[in-house]
Amino acid sequence: MAQSSADSTLARLSQGTMPGRLKAQVRHLSKPRFIELLELIIQEFEYFLKAINLINNQSLETLLEELLEAFTLKIGQILQADRTTIFIVDEENQELWSKIAQGAGEKAVEIRIPMGKGIAGYVAETRKTLNIPSAYDDPRFNRATDEETGYHTKNILCMPIFSDGVNVVAVVQLLNKIGGNRFTLQDEKEFESFARSIGVLLESCNSFYTAARTQKGLNALLNAISSLEQSLELEVTLQSVMAEARKLMQADRSTLWLMDGNQLWSKVQSADGTELMELRQANDKDSIVGYVASTGETLNIPDAYKDSRFNRSADERTGYRTHSILCMPVFNSSGKIMGVTQLINKMQGAFTRSDESFMRAFNTQAGIALENAQLFENVLVEKQYQKDILQSLSDAVISTDMGGRIVTINETALSLLGCPMDESVIVEGESLEALQKTWEEKLIGRLLWEVVPIENLRSRLADSLEFGTHQYVPEQTLQVALTTVKDQLVMLVPAEIRRKSSTFIPREHDDTNQTYYLWGQRSDAINAYENVHHLEHSINLTVNPLTDPGGGVRGGLVVLEDISQEKRMKTTLYRYMTPSVADQVMALGEDSLMVGKRRDVTVLFSDIRGYTTLTERLEASQVVSMLNEYFETMVEAVFNHQGTLDKFIGDALMAVFGAPLPLENHGWSAVEAALDMRERLVHFNRSRQANSQPKINIGIGLSSGEVVSGNIGSRRKMEYTVIGDGVNLSSRLEGVTKQYGCDIVMSEHTYARCRDLVWVRELDLTRVKGKTKPVKIYELIGSRQNHQLDQATQDFLDLYKQARKAYTSQKFTRALDLFTRAKVMRPQDKAVSVHIARIHSYLENPPPADWDGVYVMTTK
């Protein structure tokens, strides 16, 4: 009675809609009535607490099953049925479910029937009682169960259980009336006498079960969130997500797949549980997880084997049986799909809409946790990446804080300051790694300008830190010193740099009053040490600010490019080749010049004709001026076509094409250079003639072949050059130009490399002095691209070619006639005159029958 009063009291109190109404009601109560109200509210809250305790009770699910089992047993006894089953209505999934014991001591099996299917489904849907005297005569009865179990169903009584007279909460199904009779109308009425009470109890119990399940789900979700927040490691987070999702959804298995381009990947425990195995599959719509990842849709599959996207091969291989699947997308904070959760085999029935709702909330939290884990992993990867880059840089790199103190320093910077990078200078018993670590520890935290004594470095860094300026200062000088203190190699920074002609004065004579700062620390000054080793470097200095995402300066970055060796090499190389070629050679390292290599090249020799006669009437200064002007333009022609100046030999010039850097068609490059030199000589002579100076003529020889290239000489004087037959032949061909009256002669080896690009005239098949093998030589007429032959020239060359053919065939009379006609066309052509003179000689003294047309040179 008290409970009823309390119910009405709380109901009345809770229905107040206006603020302050409850306070107004209590104000006018007498003391006895106020005390009674307090007691009623206390009693009601006690009932609420009991209900909450029941909801939180982990055995509530078991209690519901026990109630169903007890009700089933008692109903069967009262109505004298051989078998009785109570099916609970699952409105959300439109199913009936019940648990049926398989046998003594075995776990009950849950069965589910779609609403409207079979006899029980029909009763649940129509809310009508079915009393079937002969089960096998009713088309709604499914005989499969009898055939499977061997049981024979004769008659059936199936009745709905209402909670409020309207809604069906359950269906009771009774099989085979004991005694061989059928179920009667009296049985139906007898059941109706207590059916409503059972309905109320089942609905109440199911409500408690639903509330309890919701509470458990929320607790599991909170536990999952807490677990996810405890780690930023991606693999740990993956395992945490899988475990919590499995517990939350009461699933047998769970997997989280993450996107990786056009693939999905996950990590699962190996069969023995000792390690994590990585799994990968294509991100396409042909698979269940691929479909969800591609579309962002949820897939709730009650029977996996009926879905064409399910791959049975894993089940067939392992013996596992997949029934139900819930597969849902995981989004990041930007709404982009980053993965898919897959739950397999719900322990009780299929996955419901409530499961989807819980899993959606879980996936939201999982997405945030995974995104954080991935960001953290990316930060670690980026940090290691930057560290590796810093250590691999060939330049010295030092970062500082806003106060100018060193924060990081790479190995190249340590080496530049004198720290050993090999074992050769390590004190016995000390490891190289330990020494380098000691140096790093000693230098980090020091003021940069005290460790790296470069002029104006402090002001440059301060300017960069304050105003964010970027500065580049080439060719600065860095000077430090090394010595051994207490068996440890240390760095000394001289307190005052004393130089002479940019070079240290020898310290064995000048260390008496020298003061150093140990590790660059000005508070730690020491006097000069014996056996001090001095280091001097020429560097390019770069000072840049380190900025944050907002553009604010948070530190400085100083880069020291050691150009000591480069500076020396550049000075030398620029004398022999273009800056671009020199830079490429330097990029290959000094070994590209020092080490001898066999290369296929083309060598060009040029020489001034009549140089001695030309210079006899000139003053020495005029000779030097003329040669400088001449060589200036000729070397430019060599450089313009990627040639390398090998040397000057008096008035002669030697150039190489294809060394020290290979050229794809060095023969053509050399030909272009020779033609360029011919054109430049025309302009050079115009200038000289305008100044009443004599004209200059030159001869050029070209030949291609294998040579040996490298630095050749003595310790006192070395130079890069090439040696070999190709060099000697080019030199001979340059001299041959005089005999044939040509300015450019090339060997057959060069002609073969560019025959389709040039106009030539075969001069001879000759054996130069000092060689046994004959070689064809050609006059270079011009480039086919830039030079078109006129008809007169073409006629002359055709006639000359016929004459040469008759000559080499020992048809000397015919050859003489042809060459005579050619001389009429070009009376001054020296090559024609040479052949006419030889033919007259051969007509008087014929060569041997096996003569091959070779002419042997007797002079260089």
Side-chain angles (χ1 to χ4, degrees), residues 573 575-578 581 585 592-593 596-608 631 634-678 680 698-713 719-738 740 742-755 757-758 760 763 766-771 773-780 857 860:
L573 292 180
R575 294 163 50 198
Y576 300 105
M577 58 194 72
T578 63
V581 175
V585 171
S592 64
L593 297 179
K597 294 182 180 180
R598 293 189 178 275
R599 297 185 183 276
D600 190 58
V601 303
T602 297
V603 179
L604 179 152
F605 264 91
S606 74
D607 189 28
I608 298 177
F631 281 133
M634 294 300 144
V635 170
E636 195 69 23
V638 172
F639 285 177
N640 283 347
H641 300 283
Q642 297 180 284
T644 298
L645 177 64
D646 187 283
K647 61 175 66 72
F648 297 117
I649 311 169
D651 62 319
L653 175 154
M654 173 182 168
V656 182
F657 297 81
L661 294 179
L663 281 177
E664 185 175 353
N665 193 340
H666 50 78
W668 173 239
S669 295
V671 166
E672 286 188 300
L675 292 174
D676 192 4
M677 293 170 75
R678 174 191 282 171
R680 286 172 178 270
I698 65 173
I700 299 174
L702 299 170
S703 186
S704 304
E706 186 180 83
V707 299
V708 175
S709 66
N711 263 14
I712 298 174
E719 62 180 19
Y720 180 81
T721 189
V722 294
I723 55 176
D725 287 344
V727 178
N728 298 331
L729 182 56
S730 298
S731 176
R732 300 291 190 274
L733 294 183
E734 177 270 316
V736 163
T737 59
K738 304 173 187 177
Y740 294 94
C742 307
D743 62 343
I744 305 174
V745 174
M746 68 169 70
S747 73
E748 62 184 28
H749 310 303
T750 302
Y751 176 59
R753 288 167 167 79
C754 56
R755 63 170 61 244
L757 301 173
V758 294
V760 297
L763 291 175
T766 183
R767 186 179 292 112
V768 298
K769 186 175 182 180
K771 298 296 178 184
K773 187 176 179 180
V775 60
K776 285 185 179 180
I777 59 176
Y778 298 85
E779 176 191 5
L780 177 59
M857 295 283 184
K860 292 185 178 181

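Counting only distance, with no hydrogens or angles, the side chain of Ser730 and the backbone of Gly726 share a donor-acceptor pair below 3.5 Å.
For the residue pair Ser669 / His641, no side-chain donor-acceptor distance below 3.5 Å is found, with atom types taken as modelled.
Distance check, rounded to the nearest 0.5 Å: CG of Asn665 to CG of Leu757 gives 7.0 Å. The OG1 atom of Thr766 lies 5.5 Å from the CD1 atom of Ile777; values are rounded to the nearest 0.5 Å. With rounding to the nearest 0.5 angstrom, the OG atom of Ser703 is 11.5 Å from the CZ atom of Arg732. Here CD of Glu779 is found 7.0 Å from CG of Asp743. Values are rounded to the nearest 0.5 Å. Atom CZ of Arg678 and atom CG of Leu780 lie 5.5 Å apart (nearest 0.5 Å). If you take CG on Leu663 and CZ on Arg599, they are separated by 10.5 Å, rounding to the nearest 0.5 Å.
Glu734 pairs by the salt bridge (charged side-chain N to carboxylate O under 4.0 Å, His left out) definition with Arg609, not counting sequence neighbours. With sequence neighbours excluded, the residues that form a ring pair (Phe, Tyr, Trp, His ring centres under 6.0 Å) with Tyr751 are Tyr778.
In summary, of the residues considered (Asp725, Val727, Leu733), a side-chain contact (heavy atoms from CB on, under 4.5 Å) with Leu729 occurs for Leu733 alone.
Side chains of Phe648 and Val635 form a contact here, defined as non-hydrogen atoms less than 4.5 Å apart.
Ion pairing of Arg753 with Asp600 is present here, as a side-chain N (NZ or NE/NH1/NH2) and a carboxylate O approach within less than 4.0 Å.
Across every non-hydrogen atom of Asn640 and Arg680, the tightest pair is ND2-NH2, 3.0 Å.
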